[in-house]
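Here the structure comes first, spelled out in structure tokens, and everything after it is commentary.
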Amino acid sequence: MTTNMAAEKNTNPEIIAAPPRLYLIAFTISVILHLVHPVTVTDQTLYRMAIGVTLLVINAILVRWAFVTMRTAQTSPHPYESSTALVVTGPFKFSRNPVYVAMTGLYFAAALIINSLWPLLLLLPLMVTMHVGVVLREESYLEQRFGAVYAAYKMRVRRWL
């Protein structure tokens, strides 16, 4: 009975919350803080908007590429579902977490577009939460699920960039 419970327990990484939800919560808090006490990033509207929109497009493409790559490998991009394959192609050749890199880029782009320093100030606690509550748990799960294959992948590919 204990073996079955252990097997059931390891069917997903048991992250603390869905990553998009964590990013959305941090961004929502930062917008509320900005409404109460606005602190801008820069007065250079044209440059700020150009950089923000460029980052938005690049990171939207990256997240789409990662999702397509995962679907092609016939595994789910959703962290609450079991991984059926270890994806090491596409953007996963360069980062073990390209979706989270892209989400961080989208978050940063949105901060520039709305011209608020608050999202940038909340980025550090968000990244610590992501690291401890999501990434480390996913890595532990993938090590259990894929063993030496995942260990070799970790040696070849950086966690972030």
Side-chain angles (χ1 to χ4, degrees), residues 9-31 41-42 47-161:
K9 184 178 179 184
N10 293 328
T11 59
N12 70 59
E14 299 181 6
I15 59 174
I16 62 166
R21 184 170 294 148
L22 294 173
Y23 281 87
L24 186 59
I25 289 168
F27 199 78
T28 301
I29 291 169
S30 68
V31 168
V41 176
T42 181
Y47 296 118
R48 177 182 48 78
M49 289 298 288
I51 292 168
V53 170
T54 301
L55 285 173
L56 193 72
V57 169
I58 289 169
N59 286 287
I61 291 168
L62 176 59
V63 78
R64 177 74 177 145
W65 183 24
F67 282 164
V68 167
T69 303
M70 292 178 84
R71 286 191 183 108
T72 300
Q74 299 180 340
T75 192
S76 176
H78 304 290
Y80 289 118
E81 296 179 14
S82 287
S83 294
T84 56
L86 180 62
V87 183
V88 298
T89 61
F92 295 91
K93 281 184 176 179
F94 313 106
S95 170
R96 295 195 312 262
N97 296 292
V99 173
Y100 303 152
V101 169
M103 290 172 83
T104 303
L106 291 167
Y107 180 96
F108 187 78
L112 290 177
I113 290 168
I114 69 167
N115 196 21
S116 177
L117 186 62
W118 289 109
L120 303 178
L121 295 175
L122 291 180
L123 188 56
L124 180 61
L126 171 60
M127 295 311 299
V128 169
T129 302
M130 280 294 298
H131 182 73
V132 173
V134 176
V135 173
L136 292 180
R137 291 171 185 221
E138 285 182 343
E139 287 183 352
S140 176
Y141 165 77
L142 293 171
E143 285 173 1
Q144 291 174 11
R145 183 112 175 129
F146 299 106
V149 175
Y150 183 71
Y153 174 65
K154 278 178 56 173
M155 295 297 290
R156 285 191 323 271
V157 178
R158 294 175 187 232
R159 178 179 283 144
W160 297 107
L161 293 175

Determine, stepwise, if the pair Ile51 / Met49 fulfils side-chain contact (heavy atoms from CB on, under 4.5 Å).
-> CA-CA 5 Å; Ile51 292 168; Met49 289 298 288; over 6 Å; no
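Side-chain contact between Val135 and Trp160 is present, with at least one heavy-atom pair separated by less than 4.5 Å. Side chains of Val157 and Val88 form no contact here, defined as non-hydrogen atoms less than 4.5 Å apart. Looking at heavy atoms from C-beta onward, Leu62 lies out of side-chain contact with Phe94 at the 4.5 angstrom threshold. No side-chain heavy atom of Ser116 sits under 4.5 Å from any side-chain heavy atom of Ser30.
Both tests pass for Arg71 against the ring of Phe67: distance under 6.0 Å to the centre and angle within 45° of the axis.
Applying the side chain to side chain donor-acceptor pair (under 3.5 Å) definition to pairs two or more places apart or across chains, those involving residues 95-104 are Tyr23-Thr104, Arg96-Glu139, Tyr100-Glu138.
Tyr150 contributes no side-chain N or O that, together with a main-chain N or O of Arg145, makes up a donor-acceptor pair within less than 3.5 Å. Judged by distance alone, with hydrogens and angles left aside, the side-chain atoms of Asn59 form no donor-acceptor pair with the main-chain N or O of Met103 at under 3.5 Å.
The two residues Ala109 and Gly52 make their nearest non-hydrogen contact at CB-O, 3.3 Å. The two residues Val134 and Pro19 make their nearest non-hydrogen contact at CG1-CG, 3.9 Å.
Separation of atoms CG (Leu123) and OH (Tyr107) is listed at 6.0 Å; rounding is to 0.5 Å. With rounding to the nearest 0.5 Å, the separation of CG in Leu142 from NZ in Lys154 is 9.5 Å.
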